[in-house]
Amino acid sequence: MKICLKNAISFVPEGTMTTLAAQTQAANELLENGQGAGNDFLGWVHLPSETTEALLNDIQATADKLRAKAQIIVVAGIGGSYLGPRAVNEALDHTFGLNGNNPKVVYAGNNIGEDYLADLMELLEGKTFAIINISKSGTTTETALAFRLLKTMLEKQVGKAEAKDLIVCITDKAKGAARKVAEIEGYKTFVIPDNVGGRFSVLTPVGLLPIACAGHDIKALIQGARDMEKATGVEVAYENNPACQYAAMRNALYQFGKKIEIMANFNPKVHYFAEWWKQLYGESEGKDHKAIFPASVDLTTDLHSMGQWIQDGERSIFETVISIENPNKKVIFPKDEQNLDGLNFLAGKRVDEVNKMAELGTQLAHVDGGVPNIKISFEKVDEYNLGQFIYFFERGCGISGYMLGVNPFNQPGVEAYKKNMFALLDKPGYEEESKAIKMRLGV
Ligand code: PA5
C-alpha cells in the first residue's frame, strides 16, 4: 500500500503540514494510551494482532458447516453490522456471480423495503438457506424485522430443529434481545467485543463469518490488517506512517475550504469499499456541526455523470483515489482488420493499460481544475490487500477524528430518526413522544 500526497500538498499554504504532522502524532498517541474521547471503544486498535488462531478456526469451522448445508446464506445486518462484509465479498466474488460451488451470499436487514424483502423471500422459496443475524444491540429495527421474517420462513421450510443449525447470531456478549433469542433457541453465537463499535467491527466475526462463508481467506485478510497495524502504529514516524499522512492531509484541506472528500475508484470491484468508508468517516466525524462530507464515485463510469461537476463545479472538493495497481485477470484488446471503429491503436494492449491512462488523464485534469488529489494505491484486490485497506482507513479515521476534536466513536445523531419512527409506530414506551409527534403533524 502506498500513499501519494504530491497533488494535494500544493493546495495548502506552506508550513501547514508541519503543524498538522505534529497533531497526528498526538492523536495517534491518544488511540494508543486511551486518554481521548470515546476511549471505551478502542478495542479495534489492536484487534488484528490480538485475534487468536482459535477464533479464526472456530469461525472457519462454522462457515464450513453452513457452506456444506446451504445454497444461499442471508446476512442480516445494517450499518457497521453489514457494510464491511459486503465490501469484502463484493470485491472478491466473481462480478457476475460465477462463484463455483460457493453458496450465494445475500444481504437483508439493511433497509425496510417491502418489495426488497418480498423478492428475497421469493429467491429463498424452496431453497436450503442459512441466516447470519448480526446486531450488536439486538434492537435495530431493520435487522430485527428481517430476522423475524427469515426465521419464520426457515422454520416453516425445514422445521424448528433443523433451522437451529442453520442460524448463527453475532451480537454482544451479554445484553440485548439478539443474545436472549440465541440462547433460548440454542443458536451458535459469536461475540462482538464491547469495546468495538459497529463501524470498526469488520475484522471481528461480524465481517469474518460472512467472508468465510463466501469462500474467502480470512487468515490472509487478518494478516494484511496486522501488517497495517504495525505500519501505522504510534512508534512509526509521520514520514513513514500512511494513516498519519492521510489524516493530516484531509484535515489540512478541510481547514482551507475543501469540505467534501470524494473517494474515487477505477475498479468496480471496490465500489462497496467506498460505501463502507463513507459510513466509517461520516458516522465517526460528522458531529458538532463540523466535518468533511464523505462522497464517492465509480470511474470511469461517473466521469459521464458527476465528472462535469468534479471538473467545473464549486471548488469545495478534493479526491481520494483508490488505485489498484494490478488486475487479477488479463484481457487483451483484439486487432480488427477492417478497423471500422478506429480502435486498432489499442490492439494488443491490456484493457488495464487503457484504464490506467484514463486514471492518469483524469487525475491531471481534475488537479488542473482545482481539485486536490490524494492517491492511495494497493497492489491488487485480494484478501491481504483488503485487510490492509480496512485497517489503514480505520486508523486514519481515529486519528482524523481526534484531530477534528470530536468523539469518533459515538453516534448520537442516529437516534433522532429512530425516536420519531417509534413514536409514529406507537412502540410501547414511546407514549409521550407519540402524543407530541401526532400533535405536531395534526393527526
Ligand atoms: O457503526 C455503528 O455503530 C452503527 O452503524 C451500527 O453498526 C448500526 O447502527 C447497527 O447496529 P447494531 O449492530 O446494534 O444492530
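All figures in this text were calculated on a predicted structure; none of them were measured in a lab. In this chain, numbering begins with 1 at the start of the sequence shown. In each ligand, atom 1 is the first atom listed, and ligand 1 is the first ligand listed.
Just one residue in the list F389, F393, Y384, F266 forms a ring-ring contact (aromatic ring centres under 6.0 Å, His included) with F378, and that residue is F389.
The protein residues lying under 4.0 angstrom from ligand 1, judged by non-hydrogen atoms, are I78, G79, G80, S81, S135, K136, S137, T140, G198, R199, Q279, E283, Q411.
One finds the CD atom of Q311 at 9.0 Å from the OG1 atom of T362 (value rounded to the nearest 0.5 Å). Here K375 contributes atom NZ and N7 contributes atom CG; the two are 9.0 Å apart, rounded to the nearest 0.5 Å.
At distances below 3.5 Å, not a single donor-acceptor pair connects side-chain atoms of T204 with backbone N or O atoms of I192.
Applying the salt bridge (charged side-chain N to carboxylate O under 4.0 Å, His left out) test to residues at least two apart or on different chains, the pairs with a partner in residues 419-439 are D426-K438, E432-K435.
Between E261 and R250, at least one side-chain nitrogen of the basic residue sits less than 4.0 Å from a carboxylate oxygen of the acidic one, meeting the salt-bridge criterion.
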